[in-house]
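Residue numbers begin at 1 in each chain, while the letters A, B, ... track the order of the sequences. This is a predicted model, so every value here is computed, not measured.
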2 protein chains.
Amino acid sequence: MEASIQQVARIAGTTSRTLRHYDAIGLLPPTRIGHQGYRFYDRDALVRLQQILLLRELGLGLETIREVLDAADDPVPALRRHLSWLDAEAARLERLRTTVERTITTLEEGGDLMAEEMLDGFDHTRYKDEVVERWGKDAYATSDAWWRGMSEAERADWKTASTTLAADWTAAAQERVDPASERAQALAARHVAWLGSIPGTPGYGTAPVKEYVLGLGEMYVADPRFAKNYGGEQGAAFVRDALARYAELHL
Amino acid sequence: MEASIQQVARIAGTTSRTLRHYDAIGLLPPTRIGHQGYRFYDRDALVRLQQILLLRELGLGLETIREVLDAADDPVPALRRHLSWLDAEAARLERLRTTVERTITTLEEGGDLMAEEMLDGFDHTRYKDEVVERWGKDAYATSDAWWRGMSEAERADWKTASTTLAADWTAAAQERVDPASERAQALAARHVAWLGSIPGTPGYGTAPVKEYVLGLGEMYVADPRFAKNYGGEQGAAFVRDALARYAELHL
DNA sequence: CTAGAAGTTGACGTTACGTCAAGGTCAAGG
DNA sequence: CCTTGACCTTGACGTAACGTCAACTTCTAG
């Protein structure tokens, strides 16, 4: 039993264009090609098409589908991989959601789009809840007061310094420097000194508390808002590793 | 203060290619272009770039970003729209997850990829839990026994009949027929008769129970596994409406 | 003066088709 | 026999947001 391209498309609930596409990429060649060039499909082809469409609905790419079907492989491992991909995507969306909501809140409280950026170097304010929970209300209140007490010019200077630091981190990370190298450790020293200059930091006046530094490092990696200051997740991981080593040796 | 394309890219944590792209699509033209064709950006451009990147991280498209920034519009509505898009995406992923898991289960229980398709017309087995809960263990057991008792040939015939019915529904839906029209109601009659021919269906022997038919209609729409048999959500909604009307008038 | 770093403009590749465009094939009806 | 209409064909462009050469020019430091 043979069917034309249009008939097959209707039966399977897709379009003739899709079938031509699958032919073009070699995923589903027609059973027979008439002297006029018309494509004809038999029952086996229809079965394969159904499998393709099934897998496609699960969200797999055509290339993956081809591998699964052609290898006559057990499709379960591929499906499991796909499952974890779905999970990763869901997690990403959830993070986006959180960020968007936070941005909306910021805007509605009177901030402009840049208000978020302006605080880039001043991580605490954006993590009020976490900071309060982990380091106490006083730490937050102190640094908050310090921040609010600065003049515009002072803030600008301070921001420049922190931006420069972040840029240097990013550059080092992009050059794939070893976190244990002198260069990275020098940056870590600057970073720690910078942290120590912020009133409210645990250990302010002497040197920041080791656990505080380690915790910050993790936060840089875990949260995209921080991570982006250091060149994404990779960069943040580099910062975290360098800071961790520095903290172990010197704090 | 001016900076070259490369410098700006590093500061903002992006690439020069991206900046050229933004120039090309008119999203962020450079402040000045040197006699050599080099692009130079000033502080304002950098601010705009930061805003662009911020919005981009939230998942907005460049076109949307342009609208938000150029209209000097309140970005909150756009962000809210984006938020609901994110929600829809999350829901979609969740559905996919469920389906993939179900497929894995099916495969591990010894079914092949087609086992899922083979049961297309025989909805009950795929909804064992729901069916049992709503219509009782007996209904499920009866229809299951009936299905297993058929020969391959009988199943093939039966499948053909149900496939044809689904195809007819799909065609009618695509032609935007009115669910109350004669054609749609004739299909509904066939559908109800078909349901009535399945042992285990509530009302088997006489006519299917009205609530059962209505419930099925909702399930067709709600679950993509059913919906696809009738040409997607739109098609399933058509089937549901036609069935609902038929059930009200005749059951 | 010359290497190397950085800049430029094309242009193709990516995903899975949708959507014309231009034209050949086939069955039915006048 | 001719037309109409349905169905088929092969291109080829468009999509989102750049990555990645390629080929060439310009700037900067030794």
Please tell me if [X] has a side-chain N or O lying less than 4.0 Å from either OP1 or OP2 of [N].
| X | N | answer |
| --- | --- | --- |
| Y22(B) | dC18(D) | yes |
| Q36(B) | dC27(D) | yes |
| H35(B) | dG7(C) | no |
| R39(B) | dT9(C) | yes |

Rounded to whole angstrom units, what separation is found between the [atom1] atom of [X] and the [atom2] atom of [N]?
| X | N | atom1 | atom2 | value |
| --- | --- | --- | --- | --- |
| E63(A) | dT14(C) | CD | P | 10 Å |
| E57(A) | dA16(C) | CD | C1' | 15 Å |
| I33(A) | dG24(C) | CD1 | C1' | 16 Å |
| R66(A) | dA16(C) | CZ | P | 10 Å |
| L60(A) | dA16(C) | CG | C1' | 14 Å |
| L27(B) | dA16(D) | CG | P | 14 Å |

State plainly whether the residues [X] and [Y] are in salt-bridge range, i.e. N to O under 4.0 Å.
| X | Y | answer |
| --- | --- | --- |
| D70(B) | R48(B) | yes |
| D178(B) | R183(B) | no |
| R245(A) | E182(A) | no |

5' priority, DNA chain D, between Y38(A) and T15(B) [closest heavy atom]: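 Nearest nucleotide further toward 5': that of Y38(A).
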So what does [X] hit on the nucleic acid, given a heavy-atom distance under 4.0 Å: a base, only sugar-phosphate, or nothing?
| X | value |
| --- | --- |
| S4(A) | sugar-phosphate |
| G34(A) | nothing |
| I25(A) | nothing |

Taking the side chain of [X] as its heavy atoms from C-beta onward, which of [options] lies nearest to it?
| X | options | answer |
| --- | --- | --- |
| I5(B) | dT9(D), dT8(C), dA16(C) | dT8(C) |
| L62(A) | dA16(C), dT8(C), dT25(C) | dA16(C) |
| R20(A) | dC17(C), dG7(C), dT9(D) | dT9(D) |
| T18(A) | dT10(D), dA16(C), dG18(C) | dG18(C) |

Watson-Crick/G-U partner (both atom distances under 3.5 Å) of dG30(C):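 Result: dC1(D).
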L19(A) and R39(A): CA distance, side-chain angles, deciding distance, side-chain contact (heavy atoms from CB on, under 4.5 Å) verdict: CA-CA 10 Å; L19(A) 291 175; R39(A) 295 172 176 79; over 6 Å; no
Under-3.5 Å donor-acceptor pair between R17(A) side chain and dT19(C) base: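 In this structure, the two groups form a donor-acceptor pair.
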G61(A) or G37(B), whichever maps to the more 5' nucleotide of DNA chain C: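 Result of the comparison: G37(B).
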Y38(B) and F40(B) aromatic ring geometry - parallel, tilted or perpendicular at 30°/60° bounds: tilted
Heavy-atom check, side chain of T18(A) versus side chain of R56(A), under 4.5 Å: yes
